[in-house]
Amino acid sequence: MYDENNIFAKILRNEIPCDIIYEDKFNLFFKDINPQAKIHVLGIPKFKCVDFTDFVNNAEEEKIISFFKSIKTVINKLRIQNNGYRIITNSGIDGGQEVPHYHIHILAGEKIGRLR
Ligand code: 5GP
């Protein structure tokens, strides 16, 4: 079940600020408050969904397509397509998801190390 009080829900309701990189009708991209790389951007759909599984199972196709295309738009905007980037989605306990609103991390701007 979706937690209306998660931090990204509050950002979407403009209850707390964020540093916006890109926004459109369905999607919002903003800087991570605790960056793990020189560039660390979070991307979220603007509607209630908990994680990747929830998003793919329940979002309208138009919104799924829009989300992934908006990631490409942000990659272009950040000018990281040539040097590269890493996209991560954490889900659930084993995935280490902290905020229960589906999001992707874009990490770039330096060589991103191995996970282990
Ligand atoms: P998760 O572990 O759920 O995949 O990632 C959650 C991310 O949200 C973390 O990287 C964390 O730094 C970021 N985060 C948590 N609270 C805030 C906040 O209030 N504002 C922003 N911009 N990012 C946040």
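One-based numbering, in listed order, for ligands and for the atoms of each.
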One finds that the ligand 1 atoms under 4.0 Å from a non-hydrogen atom of N90 are 1 (P), 2 (O), 4 (O)
Checking heavy atoms under 4.0 Å, the part of T89 that sits near ligand 1 is neither
* Asked: Heavy atoms, side chains only, cut-off 4.5 Å: are H103 and Q97 in contact?
  -> yes
If you scan protein heavy atoms around atom 3 (O) of ligand 1, the nearest is E98 N, 2.7 Å
- Would you mind checking if E4 and K10 are paired as a salt bridge, meaning a charged N to carboxylate O distance below 4.0 Å? no
Check your understanding: So is there a nitrogen or oxygen of Q97 less than 3.5 Å from a nitrogen or oxygen in ligand 1?
Key -> no
Look only at interatomic distance and state if I7 has a nitrogen or oxygen under 3.5 Å from any nitrogen or oxygen of ligand 1.
no
Pair I88-I104, side-chain contact (heavy atoms from CB on, under 4.5 Å): steps then yes or no
CA-CA 6 Å; I88 295 173; I104 58 102; over 6 Å; no
Smallest heavy-atom separation, F26 atom then K63 atom, equals CE2-CE, 3.6 Å
closest protein heavy atom to atom 22 (N) of ligand 1 is K31 O, 2.9 Å
Looking only at protein heavy atoms, what sits closest to atom 8 (O) of ligand 1 is F8 CZ, 3.4 Å
- Residue E60 excluded, over 12 heavy atoms near CD under 6.0 Å: no
Is the F29 ring parallel, tilted or perpendicular to the F67 ring (thresholds 30°, 60°)?
-> parallel
request  = Go through F47 and Y2 one step at a time and tell me if the side-chain contact (heavy atoms from CB on, under 4.5 Å) criterion holds.
outcome  = CA-CA 10 Å; F47 50 91; Y2 186 78; over 6 Å; no
In this structure, atom 15 (C) of ligand 1 is nearest to the protein heavy atom I33 CG2, 4.2 Å
*asked:* If we ignore hydrogens and angles and just use 3.5 Å, is the side chain of E23 paired with the main-chain N or O of L28 as donor and acceptor?
replied: no
Worksheet item: With no hydrogens and no angle check, do the side chains of D24 and N27 hold a donor and an acceptor under 3.5 Å apart?
Response: yes
In ligand 1, the atoms that come under 4.0 Å of a heavy atom of N34 are 12 (O)
Of all protein heavy atoms, the one nearest atom 1 (P) of ligand 1 is H103 NE2, 3.1 Å
Per-atom filter on ligand 1: closer than 4.0 angstrom to a heavy atom of H105 are 1 (P), 4 (O), 5 (O), 7 (C), 10 (O)
Atom 9 (C) of ligand 1 has as its nearest protein heavy atom D32 OD2, 3.3 Å
Atoms of ligand 1 under 4.0 Å from any heavy atom of G96, numbered from 1 in the order shown, are 2 (O)
